[in-house]
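This is the structure I have questions about; it appears just below.
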Amino acid sequence: MNQLERTLAIIKPDSFAGGHAGEILAMIEAAGFRILGMRMTRLSKAQAQGFYDVHREKPFFAGLVEFMTEGPVVVMALERENAIRAWRDLMGATNPANAADGTIRKKFGTAIDRNAVHGSDAPDTAAYELGFFFSGSDLA
Ligand code: ATP
Ligand code: MG
């Protein structure tokens with residue numbers, strides 16, 4: 001507990017296209033995260049496949065890659081005490097239908113496969129995902 005930690009967050013194509021990036025950033029800042037790095041980009045198919053490699057065998061993999069490449073995303077390196085858990089709590093449940101009030105997915109997610117934001121789920125995946133988008137010298 002009380003450990004300063006980093007996690008990788010993505011504003012997914014649905015919430016970016018919907019004009020919710022500003023409000024999501026405000027929620028991130030209000031929750032006490034420090035934004036160490038932030039970049040708008042558009043994922044290639046190969047990048048999306050590589051990023052979600054752990055899901056390669058899942059039935060929803062092709063649809064997930066299609067969705068993540070349909071438009072621009074904003075990738076962020078966030079820092080806070082217990083950042084991985086805290087960011088997943090602020091995101092809400094994977095399926096927006098099950099997400100708690102006050103969470104980003106409750107507010108902006110529209111379906112399990114269009115759920116507004118991404119967050120790393122453990123220290124090892126956070127390290128992999130941060131390195132996927134940022135080099136150490138990019139981070140404030
Ligand atoms: P993310 O990794 O995007 O932060 P998550 O960790 O809550 O989300 P995962 O289990 O890692 O959920 O699934 C990755 C993504 O794959 C989900 O965000 C969702 O968009 C999609 N996904 C997961 N389960 C399903 C499903 N049953 N049907 C369709 N899409 C799914
Ligand atoms: Mg995940």
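Because only heavy atoms are used, hydrogens play no part in the values below, and waters and symmetry mates are left out as well, while side chains stay in. Order of listing sets the numbers, starting from 1, for every ligand and every atom in it. Sequential numbering from 1 along the given sequence is applied to the chain's residues.
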Check the orientation of Phe132 and Phe51. Use parallel for under 30°, tilted for 30 to 60°, and perpendicular for over 60°.
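Perpendicular.
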Which value, rounded to the nearest 0.5 Å, describes the distance between Arg105 atom CZ and Ser15 atom OG?
10.0 Å
Is there a heavy atom of Lys58 sitting under 4.0 angstrom from any atom of ligand 1?
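Contact absent.
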Least distance between heavy atoms, Pro13 atom then Glu70 atom
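In this case the closest contact between Pro13 and Glu70 is CB-CG, 3.6 Å.
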For ligand 1, find out whether one of its N or O atoms is nearer than 3.5 Å to an N or O atom of Asp113.
no
Compute the minimum heavy-atom distance from Asp121 to ligand 1 and say whether it is under 4.0 Å.
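It does not; every heavy atom stays at 4.0 Å or beyond.
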Report yes or no: does a heavy atom of Phe67 sit under 4.0 Å from some atom of ligand 1?
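Contact check Phe67 vs ligand 1: negative.
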Any nitrogen or oxygen of Gly119, main chain or side chain, under 3.5 Å from a nitrogen or oxygen of ligand 1?
yes
What protein heavy atom lies closest to atom 10 (O) of ligand 1? Include the residue and the distance to one decimal.
His55 CE1, 3.7 Å
Name the closest protein heavy atom to atom 18 (O) of ligand 1, giving the residue it belongs to and the distance to 0.1 Å.
Asn115 ND2, 2.8 Å
Would you name the heavy atoms of Thr69 and Glu66 that are closest together and state the gap between them?
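In this case the closest contact between Thr69 and Glu66 is OG1-O, 3.1 Å.
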What's the shortest heavy-atom distance between Leu8 and Met76, and which atoms?
CD2-O, 3.2 Å
Could you tell me whether ligand 1 has any atom less than 4.0 Å away from a heavy atom of Arg105?
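Yes.
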Any link between Met38 and Leu90 through a network of hydrophobic side chains (Ile, Leu, Val, Met, Phe, Trp, Tyr) touching at under 4.5 Å?
yes
Nearest protein heavy atom to atom 1 (P) of ligand 1, by residue and atom, and its distance?
His118 ND1, 3.1 Å
On a heavy-atom basis, which atom in Val117 and which in Lys12 lie closest, and how many Å separate them?
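Closest approach of Val117 to Lys12: O-CE, 3.2 Å.
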Contact between Lys12 and ligand 1, counting heavy atoms under 4.0 Å?
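The answer is yes: ligand 1 sits under 4.0 Å from a heavy atom of Lys12.
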Under a 4.0 Å heavy-atom limit, does Ile112 contact ligand 1 with its side chain, its backbone, both, or neither?
both
Nearest neighbour in protein (non-hydrogen) for atom 23 (C) of ligand 1
Phe60 CZ, 3.5 Å
Tell me whether Arg114 has any N or O atom under 3.5 angstrom from an N or O of ligand 1.
no
Trp87 with Phe108, same ILVMFWY side-chain cluster at under 4.5 Å:
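Shared cluster, yes.
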Is Lys58 atom NZ crowded by more than 12 heavy atoms from other residues, nucleotides or ligands, each under 6.0 Å away?
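For Lys58, atom NZ is crowded (more than 12 foreign heavy atoms under 6.0 Å).
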